[in-house]
**Q** 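The structure under discussion is supplied below as structure tokens; questions concerning it will follow.
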Number of protein chains: 2
Amino acid sequence: MPAGPIDRRVARTRSRLQQALFRLTAEKGYTAITVEDICREADVGRSTFYTHYSDKDCLRKATIDEHMKSLQARSAERHSQRNAKGFSFSGPMFEHAHAMREMHRVLMGGKKREMPEEIRSWISGQVRHELTNIQGDEGGARLEIATRFIVGAFFEVTHWWLEKDTKLSPAEIDRMFLQLAFNGVNAVLAGPTRIE
Amino acid sequence: MPAGPIDRRVARTRSRLQQALFRLTAEKGYTAITVEDICREADVGRSTFYTHYSDKDCLRKATIDEHMKSLQARSAERHSQRNAKGFSFSGPMFEHAHAMREMHRVLMGGKKREMPEEIRSWISGQVRHELTNIQGDEGGARLEIATRFIVGAFFEVTHWWLEKDTKLSPAEIDRMFLQLAFNGVNAVLAGPTRIE
DNA sequence: ACGATACTGGACAGTGTGTCCAGTATCGGT
DNA sequence: ACCGATACTGGACACACTGTCCAGTATCGT
């Protein structure tokens, strides 16, 4: 019964389409891509595309979902050995981003800033959960604002780090991020508070 | 010489188009809108549209530019009477956002999160400038990271505040934002640090 | 080897774009 | 109040992309 796993042809076609999506997103940004572009780049018939995905967004979602699993695993792993301070999601995320820079550029929306909602809500969940652990659930607007604050900051920092590929290591950027998040701008910028 | 100011007809048409853009963005998000939609809503011929703006993005940019001026003025005003702590941009921004909720929803990209680059870079400039004042310009990556961090956090918090129209006043949300920004999550969430 | 399944390429109607034009309405200045 | 300048209109145009369908062909799994 060929029901369960996958036909080689299917796997091959889907892989091609996803790779093409990567290349094109990196090249000219997600919104500028057409289904025709993807099929040409992937060397796949356009009708074939539609037998796998209903449209462009669907392809992106599927691609993201697949890659999200490994991240989930890493985060959970690190979560068990969690220390008193810091987020458990940020470290793995920065490392993963560093290792697969291109892919993350795609996930983050390429040159533009077209963040897919799946990633956003996934990370929001992580952050909210970890903040709740720190706080005890008081559940109020305060928690929600802090969550939004952290999520937005995290995306923007990551986006900057990926685009301007500086020499900062994942550990370094993570340390800076956590310091800003937990101690604020004052601690980081004001005079003699060491950061190194 | 009719060169300088503006023909009534021109003003009227442009105003209609911008108003239509507001309504439609609020209604179904910027990307989902077509030029035809705008013209129908504005009751303006489609050919007329193109004599004023080359495309949808152009209309949005023009609309934003106009409304940015008042904000610029407010921020500059508050900047002169600046206190030791806090950002001068955030207060006026929150107030303006509160007063013109609909318009800001449009500026922020409506239901979706399609932030126009003009706003982003304008605020980035403000933040970088103010952080430099705090820090003295050391110019390093540290300043840049802090800037990105704050910008991202600000957008996300504002977006949340606008979409979930809670009962928080501009002053309240601003206070929370500044506290998170300058003192970090610890100061806000950890136990007895009062926020009210 | 053979039945099932996936790919192909081409055609289709539908929608939106951006440009052009001739006809009509409205403006601003004298 | 008039008249030349300027702006709006609606319709037509070629073009690009979408999403669906189908008959023919290649490749799969067993």
Side-chain angles (χ1 to χ4, degrees), chain A residues 1-63 66 109-110 112 114 116, chain B residues 1-63 66 106 109-112 114 116:
Chain A
M1 55 210 71
I6 9 96
D7 194 314
R8 269 185 232 158
R9 293 168 291 181
V10 174
R12 199 180 82 107
T13 300
R14 291 192 181 161
S15 171
R16 280 192 174 200
L17 289 172
Q18 298 189 356
Q19 293 304 320
L21 178 66
F22 279 174
R23 287 193 293 269
L24 291 175
T25 305
E27 186 179 315
K28 56 177 178 173
Y30 178 71
T31 48
I33 300 175
T34 70
V35 173
E36 289 187 346
D37 290 336
I38 298 172
C39 293
R40 201 181 316 117
E41 177 76 22
D43 195 25
V44 162
R46 202 164 64 86
S47 12
T48 307
F49 178 98
Y50 288 104
T51 68
H52 292 280
Y53 309 102
S54 58
D55 56 20
K56 208 176 63 166
D57 287 322
C58 185
L59 169 60
R60 176 157 84 158
K61 183 166 180 0
T63 305
E66 281 184 30
K112 318 247 164 161
E114 308 138 6
Chain B
M1 54 210 72
I6 9 96
D7 193 314
R8 270 184 232 157
R9 294 167 291 180
V10 173
R12 200 181 80 107
T13 300
R14 292 192 181 161
S15 171
R16 281 191 173 202
L17 289 173
Q18 298 189 356
Q19 292 304 320
L21 178 66
F22 279 175
R23 289 193 291 272
L24 291 175
T25 306
E27 186 180 314
K28 55 177 179 173
Y30 177 71
T31 48
I33 301 175
T34 70
V35 173
E36 287 187 349
D37 290 336
I38 298 172
C39 293
R40 199 181 317 117
E41 177 76 21
D43 196 25
V44 163
R46 202 164 64 87
S47 12
T48 307
F49 178 97
Y50 288 104
T51 67
H52 291 281
Y53 308 103
S54 58
D55 57 19
K56 209 175 62 165
D57 288 322
C58 185
L59 169 60
R60 176 157 84 159
K61 182 164 179 5
T63 305
E66 279 184 31
V106 175
K111 292 192 189 306
K112 318 248 164 161
E114 310 138 5

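None of these values were measured; they are calculated from a predicted model. Residue numbering restarts at 1 for every chain, and letters A, B, ... go by the order of the sequence lines.
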**Q** To the nearest Å, how far apart are A:D7 CG and C:dG3 P?
**A**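 Going from CG in A:D7 over to P in C:dG3 covers 18 Å.
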**Q** Using the side-chain hydrogen bond (donor to acceptor under 3.5 Å, both in side chains) definition, which of the options A:R23, A:K28, A:K56 pairs with A:D37?
**A**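 Exactly one pass, corresponding to A:K28.
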**Q** Between P on D:dT18 and CD1 on A:I33, what's the gap in Å once rounded to a whole number?
**A**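 It works out to 11 Å between those atoms.
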**Q** With respect to the phosphate group of C:dT19, does any side-chain polar atom (N or O) of B:Y50 fall under 4.0 Å of OP1 or OP2?
**A**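 Answer is no, no contact under 4.0 Å.
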**Q** Taking only side-chain nitrogens and oxygens of A:R8, does any of them come within less than 4.0 Å of OP1 or OP2 of D:dG29?
**A**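 It does, given that an N or O in the side chain of A:R8 lies less than 4.0 Å from OP1 or OP2 of D:dG29.
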**Q** Quick one: does B:S47 reach the base of D:dG10 with a side-chain donor-acceptor pair under 3.5 Å?
**A**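 Under the 3.5 Å cut-off, the side chain and the base do form a donor-acceptor pair.
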**Q** Does B:F49 reach the side chain of B:T13, with side-chain heavy atoms less than 4.5 Å apart?
**A**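 A side-chain contact under 4.5 Å is absent here.
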**Q** Is the shortest side-chain N/O distance from B:T13 to OP1 or OP2 of D:dC8 below 4.0 Å?
**A**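 The answer is yes; a side-chain N or O of B:T13 sits under 4.0 Å from OP1 or OP2.
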**Q** Whole Å only: how far is the CD atom of B:E36 from the P atom of D:dG11?
**A**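 Roughly 13 Å, once rounded to whole Å.
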**Q** Can you tell me how far P of D:dT25 sits from CZ of A:R9, to the nearest Å?
**A**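 Rounded to whole Å, this separation is 17 Å.
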**Q** With DNA chain C as reference, determine whether A:A11 or B:R46 sits nearer its 5' end, using the nearest nucleotide of each.
**A**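 Comparing both residues, the 5'-ward one is A:A11.
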**Q** Kindly say if B:H52 contacts the phosphate of D:dC8, meaning a side-chain N or O under 4.0 Å from OP1 or OP2.
**A**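 Yes, because at least one side-chain N or O of B:H52 sits under 4.0 Å from OP1 or OP2 of D:dC8.
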**Q** Rounded off to whole Å, could you give me the CG-to-P distance for the B:D57 and C:dG16 pair?
**A**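 Atom-to-atom, B:D57 to C:dG16, this comes out as 17 Å.
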**Q** With distance as the sole test, does A:R46 use its side chain to make a donor-acceptor pair with the main-chain N or O of A:V35 at under 3.5 Å?
**A**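 Judged by distance alone, no pair lies under 3.5 Å.
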**Q** What is the separation between atom CG on A:D55 and atom P on C:dT15, rounded to the nearest whole Å?
**A**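 Rounding to the nearest Å, CG of A:D55 and P of C:dT15 are 17 Å apart.
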**Q** Looking at side-chain heavy atoms only, is the closest gap between A:V10 and A:H52 below 4.5 Å?
**A**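 The answer is yes; the side chains approach within 4.5 Å.
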**Q** What is the separation between atom CZ on B:R14 and atom C1' on D:dT6, rounded to the nearest whole Å?
**A**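 Roughly 13 Å, once rounded to whole Å.
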**Q** Are A:K61 and A:Y53 in a cation-pi contact, defined as NZ or CZ under 6.0 Å from the six-membered ring centre and within 45° of the axis?
**A**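 Ring-cation test returns no.
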**Q** Could you please name the option among D:dT9, D:dT18, C:dG16 that lies closest to any side-chain atom of B:T48?
**A**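 In terms of side-chain proximity for B:T48, the closest of D:dT9, D:dT18, C:dG16 is D:dT9.
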**Q** Check the distance between C:dG18's C1' and B:I38's CD1 and give it to me in whole angstrom.
**A**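 Spelled out: CD1 on B:I38 to C1' on C:dG18 is 14 Å.
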